[in-house]
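Here is how names work: the chains are called A, B, and so on, in the same order as the sequence lines, proteins then strands, and each is numbered from 1.
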Amino acid sequence: MTTQYSEPPPPPHHHHHHSKKLLHFQPKIIAHTSTPWNNRLRELAKQCQFAQALTLYRQMLRSGNCPNTFTFPFALKSCAALVIPLMGLQLHTHVVKTGCEPDPYIRTSLISMYCKCSLIQNARKVFDESGQLGKLTICYNALISGYTFNSKFVDAVLLFSQMRKEGVLVNSVTMLGLISGCTLPNHLAIGMYLHCSSVKFGFDTDLSVSNCLLTMYVKCGEVAYARELFDAMPEKDLITWNAMISGYAQNGFAKHVLELYHEMELTEIHPDPVTLLGVLSSCANLGAQSIGCQVERRIEYRGFQSNPFLTNALINMYARCGNLVKARAIFDSMAERSVISWTAIIGGYGMHGHGEIAVQLFDKMIKTGIRPDETVFVSILSACSHAGLTDKGLEYYEAMEMKYNLQPGPEHYSCMVDLLGRAGRLKEAKELIESMQGKPDGAVWGALLGACKIHKNIEIAELAFERVIELEPTNIGYYVLLSNIYSDAQNLEGVLRVRVMMRERKLRKDPGCSYVEYKGKVHLFFAGDISHPQTKEIYRKLTELENLVKELHTSPKFDQGERNEELLIGTGVHSEKLAVAFALLNTRSGADIIVIKNLRVCVHCHLFIKLVSTTVDHQFVVRDPTRFHHFRNGVCSCKDYW
DNA sequence: ATAGGGTTAG
């Protein structure tokens with residue numbers, strides 16, 4: 001990247017303009033120094049074609065054209081966008097050689113470029129050398145946002161107070177730089193303070209400030225505040241909508257995302273790839289395949305189909321909605337697959353219990369020359385654990401550190417504990433946790449507790465429970481898990497002890513719910529729910545099914561050593577049963593029925609659906625927080641589950 | 001000088 005720099009003749013139409021004049025810089029001069037080269041450069045930078053812009057800059061030098069104050073902002077901007085510090089340093093020397101350095105706009109561009117390239121010392125040097133008069137608002141703004149960009153919030157605030165002390169005018173861009181630094185949870189208070197100051201100074205009428213505040217709230221996890229601000233904004237643009245929609249998506253408020261997306265369709269503002277990305281990830285979490293399909297059609301209609309972000313999101317959505325065939329078709333049709341594409345498809349096969357395919361795909365990915373990252377290892381390890389591929393999982397775990405030099409994090413440990421635990425190797429799992437160099441999180445101990453449930457080990461369960469509860473005292477799931485372990489062992493005293501603990505800590509069980517998507521609408525059921533318009537028919541169908549199941553369970557046809565009277569006692573109207581009854585009433589024969597449950601499917605319903613599946617021509621796909629259960633003709637895909 | 005983005009276990 002060595003560009004020969006020679007002193008070219010000045011362009012003909014601004015020969016009146018000498019370097020002496022540059023010292024008394026006036027913004028107007030910029031307009032006079034435009035040339036065909038500069039105009040083209042500006043155009044490329046505006047279209048975000050930064051690499052081409054820099055190529056053009058080099059061509060410009062080679063052909064003997066002198067860069068000027070109209071050249072550098074765009075060259076520097078391209079350099080910053082591509083993060084090429086070496087080129088940036090070179091550009092700085094060109095700035096000095098051409099005598100453009102006193103120009104405060106160029107200085108600002110330099111500061112910004114250095115910050116984007118993480119050369120903050122250099123940025124500070126340019127700033128400090130500006131002298132009192134050269135330090136305009138824009139220079140301060142560039143350095144303030146540069147500090148926050150490099151997560152140096154304290155320096156940003158210090159510079160802000162210096163700015164105010166010296167009486168430099170603060171504008172809305174100054175606020176933007178500061179507000180975007182408040183994205184950590186403990187910075188919420190400062191963020192709210194900045195919100196107040198923005199209102200006081202009247203900057204809140206600036207859309208970009210409001211949008212930035214909105215983003216700050218969602219990044220802090222304060223979705224309610226964000227929504228309040230969103231509703232109060234008299235004017236909203238695409239970024240406002242996107243900030244709110246992806247804010248909901250990132251914080252797991254999938255239903256709110258779909259509601260807002262629907263609301264957005266009533267406005268003049270059209271969704272762009274960022275909007276659709278948030279919507280697709282929410283469809284994936286809700287299992288809302290038909291809305292996902294609509295989004296896919298929209299992507300094609302709007303010509304976004306080559307956007308790799310969207311393609312990956314589609315693969316993820318179809319895989320999580322139970323449509324592996326479609327997910328695979330999209331994956332196969334991609335021209336260029338990134339690690340994220342592979343992660344999505346491997347995870348998809350993993351959660352459907354197809355561990356072998358996941359393994360094959362992982363190896364294929366390596367052969368293609370893709371470098372695996374931490375996330376794809378989470379996918380493959382969990383795929384191995386679901387499929388019972390214990391040795392394969394251990395192999396990958398080893399390779400992760402040894403071959404790919406990746407440090408396992410808590411997520412990987414919880415996969416490994418799950419893997420060893422399911423295989424009954426509880427002691428090894430426990431030892432693995434004890435050998436961790438970082439401190440284990442709740443999920444790691446939780447995985448061990450889950451394994452103790454499968455293998456009925458009270459001793460290790462009590463130890464795991466003690467640890468997990470220290471880390472996540474309000475997570476009800478773990479109390480329920482321990483209580484179930486006691487109850488399996490007929491240890492009533494233990495069950496009561498857990499119940500007392502829960503009462504003391506005022507913990508209530510989350511209500512379980514299940515839902516089915518039908519004709520583009522979500523039909524949600526709680527246990528014993530009577531709010532659905534078809535309630536009467538649903539209950540009639542359910543009674544019919546219950547009788548059928550009881551009969552089947554005692555018939556000689558069902559005799560695979562699985563008969564367990566207990567499983568059919570104390571039945572009750574579970575939410576998944578209502579969803580199944582509703583779906584059977586409304587779905588044509590032969591079609592798949594997809595039920596989504598917010599908690600793990602219980603043993604009783606598992607058996608119930610398995611038996612029902614022998615009598616109908618449907619495949620039932622039940623998705624719970626951990627995986628999919630496919631039921632067809634009395635067979636379930638998850639045989640290791642109970 | 002500036003606000004919005006995909007994958008991850010239990």
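- In DNA chain B, no stem built from three or more successive Watson-Crick or G-U pairs (distances below 3.5 Å) is found.
- Close approach of DNA chain B to chain A, defined as any atom under 4.0 Å from a non-hydrogen atom of the protein, starts and stops at B:dA1 to B:dG10.
- A heavy-atom distance below 4.0 Å to DNA chain B is reached by these residues of residues 370-380 of chain A, ordered by number: A:Thr375, A:Val378.
- Proximity of a side-chain donor or acceptor of A:Asn122 to a complementary backbone N or O of A:Lys125 within less than 3.5 Å is not detected.
- At a threshold of 4.0 angstrom between heavy atoms, the contacts of A:Asn316 are confined to the sugar-phosphate backbone, with no base atom among them.
- In this structure, A:Tyr478 OH and A:Leu449 CG are separated by 8.0 Å, a value rounded to the nearest 0.5 Å.
- Within 4.0 Å (heavy atoms only), A:Arg320 reaches sugar-phosphate atoms of the nucleic acid but no base atom.
- In this structure A:Arg124 satisfies the side chain to side chain donor-acceptor pair (under 3.5 Å) test together with A:Asp128, A:Tyr147, sequence neighbours excluded.
- Within 4.0 Å (heavy atoms only), A:Ser281 reaches sugar-phosphate atoms of the nucleic acid but no base atom.
- A:Ala383 meets the side-chain contact (heavy atoms from CB on, under 4.5 Å) test with A:Ala358; sequence neighbours excluded.
- Nucleic acid contact class of A:Ser208 (heavy atoms, under 4.0 Å, all strands): base.
- A search for side chain to side chain donor-acceptor pair (under 3.5 Å) contacts involving A:Arg320 returns nothing, not counting sequence neighbours.
- Residue A:Lys77 is out of contact with every strand shown, counting any heavy-atom pair closer than 4.0 Å.
- The backbone N or O of A:Val339 lies less than 3.5 Å from no partner atom in the side chain of A:Arg371, so there is not a single donor-acceptor pair.
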Stepwise side-chain hydrogen bond (donor to acceptor under 3.5 Å, both in side chains) test for A:Tyr349 and A:Arg328
CA-CA 9 Å; A:Tyr349 279 106; A:Arg328 183 59 188 260; 3.3 Å; yes
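- Checking A:Glu166 against A:Tyr140 by side-chain atom types alone, a donor-acceptor pair falls below 3.5 Å.
- Heavy atoms of A:Thr108 sit under 4.0 angstrom from primed sugar atoms or phosphate atoms, though from no base atom.
- Under the salt bridge (charged side-chain N to carboxylate O under 4.0 Å, His left out) criterion, A:Glu259 pairs with no residue, sequence neighbours left out.
- Listed by chain and number, the residues in a side chain to side chain donor-acceptor pair (under 3.5 Å) with A:Glu265 are A:Arg298 (sequence neighbours excluded).
- For A:Arg107 and A:Asp103, the salt-bridge test fails: no basic side-chain N is under 4.0 Å from an acidic carboxylate O.
- Using a 4.0 Å heavy-atom criterion, one finds that A:Asn475 contacts no nucleic acid atom at all.
- Taking the side chain to side chain donor-acceptor pair (under 3.5 Å) definition, one finds that A:Arg227 meets it with A:Asp231, A:Tyr248, sequence neighbours left out.
- A heavy-atom distance below 4.0 Å to DNA chain B is reached by these residues of residues 341-352 of chain A, ordered by number: A:Thr343.
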Side-chain donor-acceptor contacts of residues 468-475 of chain A below 3.5 Å, not counting sequence neighbours, with atom names and distances?
| residue | atom | partner | partner atom | Å |
| --- | --- | --- | --- | --- |
| A:Glu472 | OE1 | A:Asn475 | ND2 | 2.9 |
| A:Asn475 | OD1 | A:Gly477 | N | 3.1 |

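- Note on A:Ile179: nothing from the nucleic acid sits closer than 4.0 angstrom, heavy atoms only.
- Contacts of A:Ala443 with the nucleic acid, taken as non-hydrogen atoms under 4.0 Å apart, include base atoms.
- Residues passing the side-chain contact (heavy atoms from CB on, under 4.5 Å) test with A:Asp206 are A:Ser172, A:Ser208, A:Val209, sequence neighbours excluded.
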